[in-house]
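Please read the structure below before turning to the comments.
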Amino acid sequence: GEIIYANPASKVFLDTWECATGDHLPKKIFAICLDENGQARRAQAELEIDTSAYLFSFAPVEDTDYINIYGRNITAEKESDRLKAEFIAGVSHELRTPLAPILGWSEILLDEGPGKLSGEQREFIQTIYDSGVHLHRLVDDLLNITSLEANKFKIRKERISIISPIQKALSIVQDSAQEKRIKLDINLGDNLPDIHADLDRIGQVLVNLLNNAIKFTPAEGSVSLQTAYKPAQRMISIRIEDTGIGIADKNLPKLFSRFFRSEDVVKASIPGTGLGLFITKEIIEAHDGNICVESEEGQGSVFEVVIPAV
């Protein structure tokens, strides 16, 4: 860990670490670029120095015993991200307040509580309600993103049956499927062990995946949900398959990226934020699980979620 060369800009790091050219790096810094066998590896780490934040990259030099260490001041970027997150959170909370009565009263009107509706009135109020639901989902996604970026995304795990969030999710998406005359084929399997999970968050994952399957499946198609227990891995598998438009090969690697929406989806004016699958992946990984997808353009998609069993 001896320092062979340091450029003038690195003086701020070395002064903080109380070392100079010819000295050894502090053990806690040098350890970042070592693997479990003590071999040099590529690595990155964010470190606070005085009141500034720096991103360090560690890169071993091939066929030598040397390691290059690069430091970049990211204080301004982190402050910009913080202000952006605060703004989005503030706007999202402000939007939620008027949305509640809009959704509530439009639902009461659709139920014809105040009186009978004409066909045209029902159509107008349904548009108001559907737009409100879409905006509500957008607000929820933005709030989830800001929570993730601020490491404030809360997961409250308890012992539950996987059947509970599935049934809850199905009740939420049932109407959307019926509107498009999409058949829901459900196979929940037998004797599934419990999972240690956040009921609401797993429900959020399932609602998102089922909504996507319904949204991207043409009318009179089908969406299936199947569960299974994998005893060798002690994992619960949830597979959601649709007969929808499928996903192009080139888009599969980017599918779980934040804000990603394919060109075809944008051109077709299919609503969405590009946040749902990113949030879904974060929730599943917070449960020590995994999510993967198999798809072929024009042939539908299969999403599989696996979560550890108790």
### Task
In sequence, state the C-alpha distance, the side-chain angles, and the governing distance for D200 and K168, and then conclude on salt bridge (charged side-chain N to carboxylate O under 4.0 Å, His left out).
CA-CA 9 Å; D200 291 334; K168 183 178 179 181; 3.1 Å; yes

### Message
Set out, in order, the CA-CA distance, both residues' side-chain angles and the distance that settles side-chain contact (heavy atoms from CB on, under 4.5 Å) for I160 and I195, then state yes or no.
### Response
CA-CA 6 Å; I160 62 169; I195 58 173; 3.7 Å; yes

### Task
Report the C-alpha distance between F124 and T127 in whole Å, list the side-chain angles of each, state the deciding distance to 0.1 Å, and finish with yes or no for side-chain contact (heavy atoms from CB on, under 4.5 Å).
CA-CA 5 Å; F124 291 159; T127 300; 5.6 Å; no

### Task
In sequence, state the C-alpha distance, the side-chain angles, and the governing distance for F260 and N251, and then conclude on side-chain contact (heavy atoms from CB on, under 4.5 Å).
CA-CA 9 Å; F260 174 74; N251 292 327; 3.5 Å; yes

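At least one side-chain heavy atom of L47 sits less than 4.5 Å from a side-chain heavy atom of I29. Residues E94 and R96 have side chains not in contact (no heavy-atom distance under 4.5 Å, counting atoms from C-beta outward). The side-chain heavy atoms of T280 and Q204, taken from C-beta on, include no pair separated by under 4.5 Å. Between E297 and D249, every side-chain heavy-atom pair lies at or beyond the 4.5 Å cut-off.
The ring pair (Phe, Tyr, Trp, His ring centres under 6.0 Å) analysis of residues 274-310, with sequence neighbours excluded, yields no pairs. Within the structure, salt bridge (charged side-chain N to carboxylate O under 4.0 Å, His left out) contacts touching residues 118-134 (residues at least two apart or in different chains) are E112-R122. Pairs engaging residues 234-247 under the salt bridge (charged side-chain N to carboxylate O under 4.0 Å, His left out) rule: none recorded [sequence neighbours left out]. Applying the ring pair (Phe, Tyr, Trp, His ring centres under 6.0 Å) rule to pairs touching residues 28-59 yields F13-Y54, F13-F56, W17-F56, sequence neighbours excluded.
Partners of S295 according to the side-chain hydrogen bond (donor to acceptor under 3.5 Å, both in side chains) rule, which considers only residues two or more places apart in sequence or in another chain, are S301. With sequence neighbours excluded, the residues that form a side-chain hydrogen bond (donor to acceptor under 3.5 Å, both in side chains) with Q44 are S57. With sequence neighbours excluded, the residues forming a side-chain hydrogen bond (donor to acceptor under 3.5 Å, both in side chains) with R159 are D194, listed by chain and number. Checked against side chain to side chain contact (heavy atoms under 4.5 Å, CB included), D63 has no partners two or more places apart in sequence or in another chain. Residues that satisfy the side-chain hydrogen bond (donor to acceptor under 3.5 Å, both in side chains) test with K78, not counting sequence neighbours, are E46.
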Residues 173-183, side-chain donor-acceptor partners within the protein, below 3.5 Å, at least two apart:
from	atom 1	to	atom 2	distance (Å)
K180	NZ	I214	O	2.8
K180	NZ	K215	O	3.3
K180	NZ	T217	O	2.6
R181	NE	E220	OE2	3.2

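Around CD of E18, the count of heavy atoms belonging to other residues, nucleotides or ligands within 6.0 Å does not exceed 12.
Think of L109 as one node in a network of Ile, Leu, Val, Met, Phe, Trp and Tyr side chains linked at under 4.5 Å; its network also takes in L103, L110, L117, I125, Y129, V133. When hydrophobic residues (I, L, V, M, F, W, Y) are linked wherever their side-chain heavy atoms come within less than 4.5 Å, the members clustered with M235 are V306.
Salt bridge annotation for E62-R42: absent, with no cationic side-chain nitrogen under 4.0 angstrom from a carboxylate oxygen. Checked for salt-bridge contact, E77 and R72 meet the test: a charged N lies under 4.0 Å from a carboxylate O.
Of the candidates L206, V205, N212, N208 forms a side chain to side chain contact (heavy atoms under 4.5 Å, CB included) with just one, namely N212.
Linking ILVMFWY residues whenever their side-chain heavy atoms come closer than 4.5 Å, directly or via other members, places V293 and I291 in the same cluster. Taking hydrophobic clusters as Ile, Leu, Val, Met, Phe, Trp and Tyr residues chained together by side-chain heavy-atom distances below 4.5 Å, I166 does not share a cluster with V302. Placement of V310 and I202 in two distinct hydrophobic clusters is found when ILVMFWY residues are connected by side-chain heavy-atom separations under 4.5 Å, directly or transitively.
The two residues A53 and N73 come nearest to each other via the heavy atoms O-OD1, 3.4 Å.
D23 places a side-chain N or O within donor-acceptor distance of the main-chain N or O of A20, the cut-off being under 3.5 Å. Between the side chain of D185 and the backbone N or O of S224 there is no donor-acceptor pair closer than 3.5 Å.
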